[in-house]
J.: 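Would you mind keeping the following structure in view while I ask a few things?
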Amino acid sequence: MELRRFGFKQCGSLVLLQISGLLLLLPVMVSSVGVNYGQIANNLPAPENVIPLVKSIGATKVKLYDASPKVLRAFANTSVEFIVGLGNEYLSKMKNPACAEEWVKNNVQAYFPGTKITSIFVGNEVLTFNDTSLTANLLPAMQSVHTALVNLGLDKQVAVTTAHSLAILETSYPPSAGVFRRDLVDCLVPILDFHVKIGSPFLINAYPYFAYKANPKQVSLDFVLFQPNQGVLDPGSNLRYDNMLFAQIDAVYYALAAVGYKKLPVHISETGWPSKGDDDEAGATPENAKKYNGNLLKFICQKKGTPLRPNSDLNIYVFALFNENMKPGPTSERNYGLFKPDGTPVYQLGFTINDGVGNGTHGTSSAQPSPPGTPTTSTGYLAISSATERSHWVGFFSMSLFLMVFKLLL
């Protein structure tokens, strides 16, 4: 077994983990790994059979796009920490404090303290929909959910936040020039005030894959895959970047500082790379996905911060745990998973799991009976590369400037 291929060589001591009768040699993680657990599929294993898969990659944190009772019950007493989601379609309802409190009672308090729910993200990439109604409802919904947590005595254990697309940035290259879109600043500042007041992190979804897909002949594959390269010098800070994700993260830090929130922590709530795509989806291969996710996990494991924040732990959630066969859009949308639905790895990251994890018992994504107050339907999460793939690319880099500087260094 080649643990170094998974990037865990430097992670310290090793432990044995038993999965369905198979002993695996795995590292004790120095820094925790997060993973997104999407369920837009009809062939996924039952949640109780997902637990060993989560542990096999060293993950101690899971992000859900809803508050699935089946998942939250299955993971009780496992020490895995959860972020649960409240979908965009419920924001207007959650402005009502009574509705928010009912939701928190039935979807958070009901599983406490057995299941470690540490955060609720209210809405996903709301501001980049350019929907004035959604935008207007976002902060009031966040405030109502937090008030509910206070009333129930859970506000010290459970934070409230929301996840943003990197497209909220107007400028992201060089990172030191990072600023938020001017048309969003008035919406963002009150949200940032809220984060500071309650002590919750700022969540960003960031995908270097889209930068490569948009211009594979000019964007360095090594730069986006954390492979050895000469890097890019930020002329404003004199910091050198050898991978795109860290440049993106620091651009967000600079944007926060520009509006007076220098100390607000940034967490990457989604990032990943597809293992398969359509003919026009350059770079979507198992080899590239292995390099991106394997190298990323290595950096997390080593507690290697960004050039601007070298001593800060990376708080990153890899997208995603499974390939999800019911996601709409291009082929890549259904192929971001580390695992196939049968529990086998999509590509080798240095561990082996025997066939039949879950003993052939598979759950489905159909709605399970839920307590009162639980949303009975969900849109899941946004299609990563659909309409607003949008500005995932626009927000990443001003490519002309990036390419000019990058070529000077080659």
Side-chain angles (χ1 to χ4, degrees), residues 32 34 60-69 71-73 75-127 133-164 186-204 256 259-267 269 315 317 370-376 378:
S32 59
T60 60
K61 300 180 293 185
V62 169
K63 178 166 156 276
L64 290 178
Y65 291 87
D66 54 15
S68 167
V71 173
L72 294 176
R73 282 194 291 263
F75 276 81
N77 305 311
T78 61
S79 77
V80 175
E81 297 181 359
F82 274 84
I83 296 179
V84 297
L86 227 173
N88 296 350
E89 63 270 35
Y90 301 106
L91 295 186
S92 60
K93 183 178 180 180
M94 290 303 130
K95 287 195 306 181
N96 183 325
C99 291
E101 187 159 326
E102 183 183 16
W103 188 90
V104 172
K105 282 181 180 178
N106 293 313
N107 296 281
V108 177
Q109 188 182 49
Y111 305 102
F112 235 76
T115 303
K116 293 190 174 182
I117 300 172
T118 62
S119 185
I120 302 166
F121 74 100
V122 179
N124 193 36
E125 301 191 350
V126 169
L127 299 186
S133 177
L134 275 180
T135 297
N137 290 333
L138 178 57
L139 181 56
M142 294 171 70
Q143 292 169 329
S144 290
V145 171
H146 177 67
T147 298
L149 290 168
V150 172
N151 293 342
L152 296 171
L154 297 174
D155 57 300
K156 303 301 181 185
Q157 296 99 329
V158 184
V160 176
T161 185
T162 187
H164 300 281
D186 288 344
C187 300
L188 273 168
V189 167
I191 294 172
L192 299 175
D193 282 336
F194 174 79
H195 284 304
V196 171
K197 179 181 178 181
I198 71 168
S200 62
F202 190 71
L203 303 187
I204 285 284
L256 288 168
V259 290
Y261 298 88
K262 184 176 181 179
K263 295 184 179 180
L264 191 62
V266 174
H267 294 185
S269 42
N315 288 281
Y317 288 78
S370 304
T374 301
T376 55
S378 174

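Side chains are part of it too, since the values below use all heavy atoms of this structure and drop only hydrogens, waters and symmetry mates.
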J.: Any idea which heavy atoms bring V104 and A148 closest together, and the distance?
T.: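 Closest approach of V104 to A148: CG2-CB, 3.8 Å.
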J.: How many angstroms lie between CD1 in I120 and CH2 in W103, if you round to the nearest 0.5 Å?
T.: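 Spacing of CD1 (I120) from CH2 (W103) equals 4.5 Å.
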J.: Step by step, would you call L188 with V259 a side-chain contact (heavy atoms from CB on, under 4.5 Å)?
T.: CA-CA 9 Å; L188 273 168; V259 290; over 6 Å; no
J.: Rounded at 0.5 Å granularity, tell me how far CD1 in I117 sits from CD in Q109.
T.: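 Separation between the atoms: 10.5 Å.
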J.: Can you give me the closest heavy-atom contact between C187 and L127, atom names plus distance?
T.: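 Minimum heavy-atom contact is CB-CD2, 4.4 Å.
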J.: Quick one: which residue pairs count as a side chain to side chain donor-acceptor pair (under 3.5 Å) with a foot in residues 134-152, not counting sequence neighbours?
T.: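 Sorted result for residues 134-152: K95-N137, E101-N151.
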J.: Taking atom CG of L138 and atom OG of S133, what is their separation to the nearest 0.5 Å?
T.: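 Result: 11.5 Å between the selected atoms.
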J.: Can you name the closest pair of heavy atoms from F75 and T115 and give their distance?
T.: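 That would be C-OG1, 4.2 Å.
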J.: Could you state the interatomic distance from CG (N77) to NZ (K116), rounded to the nearest 0.5 Å?
T.: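 Between N77 CG and K116 NZ, I get 9.5 Å after rounding to 0.5 Å.
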J.: What residues, two or more places apart in sequence or in another chain, satisfy side chain to side chain donor-acceptor pair (under 3.5 Å) together with S200?
T.: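 Partners of S200 by the side chain to side chain donor-acceptor pair (under 3.5 Å) criterion, ordered by chain and then number, come out as H195.
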J.: Could you pull out the closest heavy-atom pair between V145 and A100, with the gap in Å?
T.: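 Looks like N-CB, 4.0 Å.
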J.: Apply the test side-chain contact (heavy atoms from CB on, under 4.5 Å) to residues L91 and L134: give CA-CA distance (whole Å), side-chain angles for both, the deciding distance (0.1 Å), then the verdict.
T.: CA-CA 7 Å; L91 295 186; L134 275 180; 3.9 Å; yes
J.: Out of curiosity, L139 CG to F194 CZ, how far, rounded to the nearest 0.5 Å?
T.: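 Reported value, rounded in 0.5 Å steps: 7.0 Å.
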J.: Taking all heavy atoms of A136 and all of P140, pick out the closest pair and write down the distance.
T.: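 Shortest heavy-atom separation between A136 and P140 comes out as O-CD, 3.3 Å.
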J.: Where do V71 and Y111 land on the side-chain contact (heavy atoms from CB on, under 4.5 Å) test, with the steps shown first?
T.: CA-CA 11 Å; V71 173; Y111 305 102; over 6 Å; no
J.: Does a side-chain heavy-atom distance below 4.5 Å link V189 with D193?
T.: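 When only atoms from C-beta onward are counted, D193 and V189 do touch, with a gap below 4.5 Å.
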J.: Walk me through it: do V84 and N107 pass the test side-chain contact (heavy atoms from CB on, under 4.5 Å)?
T.: CA-CA 9 Å; V84 297; N107 296 281; over 6 Å; no
J.: Mind listing the closest non-hydrogen atom pair of Y317 and S269 along with its distance?
T.: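 Closest pair (atom of Y317, atom of S269, distance): CB-O, 3.3 Å.
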J.: Give a yes or no answer on whether the side chain of N124 reaches the backbone of N88 with a donor-acceptor pair at less than 3.5 Å.
T.: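 The answer is no, because no donor-acceptor pair under 3.5 Å joins these two groups.
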J.: Rounded to the nearest 0.5 Å, how far apart are OG1 of T118 and CD of Q157?
T.: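 The CD atom of Q157 is 11.0 Å from OG1 of T118, to the nearest 0.5 Å.
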